[in-house]
Asks: 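Please see the structure below; I have some questions.
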There are 2 protein chains.
Amino acid sequence: MSGLRFDKIDIRILQELQQDSSLTNQELADRVGLSPSPCLRRVKALEESGIVDRQVMILKRSELGLKLTAYIQISMDRHTPDRFGVFEEQVNSFDEVRACNLVTGQNCDYLLEVVVEDMEMYHDFLLGKLTRIPGVSGVQSSFLLRSVKENTSLPLNHLM
Amino acid sequence: MSGLRFDKIDIRILQELQQDSSLTNQELADRVGLSPSPCLRRVKALEESGIVDRQVMILKRSELGLKLTAYIQISMDRHTPDRFGVFEEQVNSFDEVRACNLVTGQNCDYLLEVVVEDMEMYHDFLLGKLTRIPGVSGVQSSFLLRSVKENTSLPLNHLM
DNA sequence: TCAATCTAGCAATAATATTCCAAAATTCCC
DNA sequence: GGGAATTTTGGAATATTATTGCTAGATTGA
């Protein structure tokens, strides 16, 4: 937040686009109560400001036959730069891994979210890929039963 | 995956749009080796097929002053529909919560991802909102140190 | 209150998406 | 393996949407 200031309309625009970036400029302008040209100018200015990372299409797991989502806690044997470096490089190359985060806490070092077709594929992933990485000493899996909330939006209330 | 079949070009299109949905149809067509009109027809057909959930703009946490991401394991005192119903309704109303998933495992019932400005705000969230929900008996937080991989794309290799 | 600065909205222009149709490619059946 | 039916492609015409320039209006600061 490098000295940038957003007014209420900017925040409305960001909220709308966080929910649906396929909105036409016309439609967006209507929703935020502006005419198309100033609306587009604001969108461009927001993009210029560097707060936008990217714009993506989100697909439905279930429709693609990806029936198993796993959350994995991973512990490393040693906390050396080399161990971490190799692990992170490998994890980045696995398409099944949707998220990998280094976290605080005594239980584990990394939290992963992994998406696969079924338990058999998960088994293959664990034994064939994840536990093959040197230094991985502890692996604990939880499986998704039901998704309660899945939101790519960030809260913006604090900007007001 | 209701009997739908995708060929290599469809999958290329989906991979591109999962990475960047702001691509112009012209640019997308170039990347997948098609001329604009059949390319657009395929995109529309893919949307019609129901595998697309939505299209979103992803913002940068750091640029918005959201410096703290927490991963929370939550246990409920009793596993009754009422307990779960109330909890999920509340969680859905909290903007700080980006993800909430009911999972298997002995450690906890729900996994949450929460984004806030700083530790003080996190404290307020925990005490003022989360632990106020009836039935929440165990709360264990881990904090993001470094994001290694953050990917909204789903793997599509299995479709080939 | 007044002047300077910024923002909105209209209209013209440019870029892009969309549709139609004939040609090419593919698939399926014998 | 050959031929007909079906599907898919690519180019051109059209429609939609984004983009820009300019003037009027609003807001801010002294």
Asks: Please list, in numerical order, the residues of residues 28-38 of chain B that have a heavy atom closer than 4.0 Å to any atom of DNA chain D.
Replies: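 Of all residues in residues 28-38 of chain B, the ones placing a heavy atom under 4.0 Å from DNA chain D are Leu34(B), Ser35(B), Ser37(B), Pro38(B).
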
Asks: Just wondering, more than 12 heavy atoms not from Glu89(A) lying within 6.0 Å of its CD?
Replies: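 It does not: Glu89(A) CD has 12 such atoms or fewer within range.
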
Asks: Output the rounded distance in Å from CD (Gln26(A)) to P (dA15(D)).
Replies: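 So the CD-P distance, Gln26(A) to dA15(D), works out to 18 Å.
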
Asks: How about NZ on Lys8(A), more than 12 heavy atoms from neighbouring residues, nucleotides or ligands closer than 6.0 Å, or not?
Replies: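 No.
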
Asks: Is the shortest side-chain N to carboxylate O distance from Lys44(A) to Glu48(A) below 4.0 Å?
Replies: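 A salt bridge is absent here (no side-chain N lies under 4.0 Å from a carboxylate O).
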
Asks: Which residue pairs satisfy the salt bridge (Lys or Arg N to Asp or Glu O under 4.0 Å) criterion with at least one member in residues 73-87 of chain B, sequence neighbours excluded?
Replies: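 Listed once each, the pairs are Asp77(B)-Arg83(B).
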
Asks: Please give, in whole Å, the distance from dT26(C) P to Lys8(B) NZ?
Replies: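 Atom-to-atom, Lys8(B) to dT26(C), this comes out as 13 Å.
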
Asks: Which pairs count as side-chain hydrogen bond (donor to acceptor under 3.5 Å, both in side chains) when at least one residue sits in residues 93-103 of chain A, sequence neighbours excluded?
Replies: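 Output for this query lists Asp95(A)-Asn157(B), Glu96(A)-Lys129(A), Arg98(A)-Glu113(A), Asn101(A)-Tyr71(B), Asn101(A)-Ser147(B).
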
Asks: Name all residues meeting the side-chain contact (heavy atoms from CB on, under 4.5 Å) criterion together with Val52(B); count only those two or more places apart in sequence or in a different chain, and write none if there are none.
Replies: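 By the side-chain contact (heavy atoms from CB on, under 4.5 Å) rule, Val52(B) matches Met57(A), Leu59(A), Glu47(B).
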
Asks: Indicate yes or no: does Arg54(B) engage Asp20(A) in a salt bridge with an N to O separation below 4.0 Å.
Replies: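 Asp20(A) and Arg54(B): not salt-bridged.
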
Asks: Taking atom types as modelled and ignoring hydrogens, do the side chains of Gln15(B) and Ser153(B) form a donor-acceptor contact shorter than 3.5 angstrom?
Replies: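 Result is no, nothing qualifies.
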
Asks: Check side-chain contact (heavy atoms from CB on, under 4.5 Å) between Leu145(B) and all other residues, then give those that pass, not counting sequence neighbours.
Replies: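 Listed in chain order: Leu102(A), Thr104(A).
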
Asks: Looking at five pairs on each end of the helix from dT1(C)-dA30(D) to dC30(C)-dG1(D), what is the angle between the two axes, given to 10 degrees?
Replies: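 The angle separating the two end axes equals 60°.
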
Asks: According to side-chain contact (heavy atoms from CB on, under 4.5 Å), who are the partners of Asp118(A), at least two apart in sequence or on a separate chain?
Replies: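 Partners of Asp118(A) under the side-chain contact (heavy atoms from CB on, under 4.5 Å) test: Glu120(A), Met121(A).
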
Asks: Only pairs at least two apart or in different chains count here, so list each ring-ring contact (aromatic ring centres under 6.0 Å, His included) that has a residue in residues 88-111 of chain B.
Replies: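 ring-ring contact (aromatic ring centres under 6.0 Å, His included) check on residues 88-111 of chain B returns Phe84(B)-Tyr110(B), Phe87(B)-Tyr110(B), Phe94(B)-Phe125(B).
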
Asks: According to side-chain contact (heavy atoms from CB on, under 4.5 Å), who are the partners of Arg132(A), at least two apart in sequence or on a separate chain?
Replies: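 Checked Arg132(A) against side-chain contact (heavy atoms from CB on, under 4.5 Å); zero matches.
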
Asks: Can you list, by residue number, the residues of residues 12-25 of chain A that have a non-hydrogen atom closer than 4.0 angstrom to DNA chain D?
Replies: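 The answer is Thr24(A), Asn25(A).
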
Asks: Without decimals, in angstroms, what is the distance between Asp10(B) CG and dT7(D) P?
Replies: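 Rounded to the whole Å, the gap is 16 Å.
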
Asks: With salt bridge (Lys or Arg N to Asp or Glu O under 4.0 Å) as the rule and sequence neighbours excluded, what pairs involving residues 135-144 of chain A come up?
Replies: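 Qualifying pairs, neighbours excluded: none.
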
Asks: Of the residues in residues 40-47 of chain B, which ones touch DNA chain D at a heavy-atom distance under 4.0 Å?
Replies: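 The stretch gives Arg41(B), Arg42(B) as the residues lying under 4.0 Å from the strand, ordered by number.
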
Asks: Rounded to the Å, how far apart are Asp7(A) CG and dA26(D) P?
Replies: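 Going from CG in Asp7(A) over to P in dA26(D) covers 17 Å.
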
